[in-house]
Amino acid sequence: MVTSVELQEPMSYYLFWLILAIVAVAAVFFIQIFFRIFLREQLKKHREKKEPKVRPPKKKPLPVLKWEYLQRLSYLERGIAAGSYSKRGAYQELSMLIRSFVHDATGIKVQNFSLQEIRRVGIPGLTALVQEYYEPEFALSSMADIRASLFRTRKAIELWS
């Protein structure tokens, strides 16, 4: 059968696709190298700009810190005597007060620590106080003695060294 269309040999198609594939792989390779070098430089610049300089907090002398927290404790005690706090609210304030004191005295951010995390910190006085506060702080009703807790908190702040 005679046709007017001449067929090309199959190998001519393969050569075109082979060259196209090699060019595509080479392009991907060079683009990847370019972006890795470019992004590495950008990342270095970004890290240099964004890393904050860590400055230790300006600490107050311990006697001044103790005096301030003993004043806050006295204010809390007057509020409790005046009936401004429920037992639960008083224990929550007491817990926040001692945790803030320890943070200001040591720099350890114990304000949001659970009792287990406070135990791991290794400050026995703080652990004992927070453990004492837990039941009245979270229970609906409690038989805890707020006056005794205030006394122990005051002693812990006074004896802190």
Side-chain angles (χ1 to χ4, degrees), residues 1-69 72-73 75-76 85-142 144 149 152-153 156-157 159-161:
M1 169 155 101
V2 179
T3 63
S4 63
V5 178
E6 290 185 25
L7 298 176
Q8 294 181 0
E9 292 187 29
M11 278 311 236
S12 64
Y13 291 112
Y14 290 130
L15 186 59
F16 169 74
W17 290 112
L18 182 63
I19 291 171
L20 186 63
I22 291 172
V23 168
V25 169
V28 168
F29 180 72
F30 286 116
I31 289 172
Q32 197 173 38
I33 289 174
F34 170 75
F35 278 114
R36 284 185 183 212
I37 293 171
F38 176 73
L39 291 177
R40 185 179 301 140
E41 293 300 320
Q42 292 298 323
L43 193 59
K44 281 182 185 177
K45 289 178 185 176
H46 180 72
R47 284 183 182 158
E48 290 171 1
K49 289 179 185 176
K50 295 291 181 179
E51 283 190 28
K53 294 181 181 176
V54 178
R55 294 184 185 125
K58 295 179 181 177
K59 282 187 162 182
K60 295 179 181 177
L62 191 57
V64 172
L65 198 61
K66 285 181 179 183
W67 182 82
E68 286 178 1
Y69 277 92
R72 288 175 60 183
L73 189 63
Y75 179 77
L76 176 63
Y85 295 96
S86 65
K87 184 178 277 193
R88 185 178 195 178
Y91 273 100
Q92 288 171 345
E93 287 294 320
L94 199 55
S95 178
M96 219 40 239
L97 187 133
I98 193 66
R99 290 168 187 245
S100 296
F101 172 74
V102 171
H103 172 256
D104 290 346
T106 64
I108 302 170
K109 295 183 178 184
V110 294
Q111 295 96 322
N112 297 326
F113 280 15
S114 68
L115 181 58
Q116 295 300 328
E117 292 169 323
I118 289 174
R119 279 190 181 119
R120 280 187 240 130
V121 170
I123 304 173
L126 176 65
T127 303
L129 286 173
V130 171
Q131 188 170 358
E132 177 183 338
Y133 304 157
Y134 250 52
E135 189 262 330
E137 192 175 356
F138 294 109
L140 293 176
S141 63
S142 172
S149 296
R152 282 190 281 280
T153 304
I157 292 173
L159 299 175
W160 189 271
S161 56

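Heavy atoms only: backbone and side chains are in, while hydrogens, waters and symmetry mates are out.
- Considering only heavy atoms from C-beta on, Thr153 comes within 4.5 Å of Leu129 through its side chain.
- Separating the CG atom in Leu115 from the CZ atom in Arg120 is a distance of 10.0 Å, to the nearest 0.5 Å.
- With contacts defined as side-chain heavy-atom distances shorter than 4.5 Å, the pair Trp160/Thr106 qualifies.
- Listed here is the closest heavy atom pair of Glu135 and Ala144: OE1-CB, 4.5 Å.
- For the atom pair CD1 of Ile108 and NE2 of His103, the computed distance is 9.5 Å after rounding to the nearest 0.5 Å.
- Proximity of Phe101 to Leu97: side-chain heavy atoms (C-beta onward) are nowhere separated by under 4.5 Å.
- With sequence neighbours left out, the ring-ring contact (aromatic ring centres under 6.0 Å, His included) criterion links Tyr75 to no other residue.
- Considering every non-hydrogen atom in both Arg99 and Gln111, the closest pair reads NH1-O, 3.4 Å.
- The structure places CZ of Arg152 at 8.5 Å from OH of Tyr133, a figure rounded to the nearest 0.5 Å.
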Show your reasoning for whether side chain to side chain contact (heavy atoms under 4.5 Å, CB included) applies to Leu65 and Ile157. CA-CA 9 Å; Leu65 198 61; Ile157 292 173; over 6 Å; no

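- Applying the ring-ring contact (aromatic ring centres under 6.0 Å, His included) criterion to Tyr134, with sequence neighbours excluded, gives Phe138.
- Atoms OG and CG, on Ser95 and Leu126 in that order, are 8.0 Å from each other to the nearest 0.5 Å.
- Between the NZ atom in Lys87 and the CD atom in Glu137 there is a gap of 13.5 Å [rounded to 0.5 Å].
- Under the 3.5 Å distance criterion, with hydrogens and angles disregarded, a donor-acceptor pair is assigned to the side chains of Tyr91 and Ser149.
- Taking each heavy atom of Leu76 and Ala90 in turn, the nearest pair found is CD2-O, 4.3 Å.
- Contact annotation: the side chain of Arg88 approaches that of Gln92 to within less than 4.5 Å [non-hydrogen atoms, C-beta and beyond].
- Using a 4.5 Å heavy-atom cutoff, the side chains of Glu68 and Arg72 are not in contact.
- In this model, no donor atom of one side chain and acceptor atom of the other lie less than 3.5 Å apart for Tyr69 and Ser100.
- The aromatic rings of Phe34 and Phe38 sit parallel to each other, their planes meeting at less than 30°, with 60° as the upper class boundary.
- In this structure, Val102 and Ile123 have side chains that are in contact, with non-hydrogen atoms separated by less than 4.5 Å.
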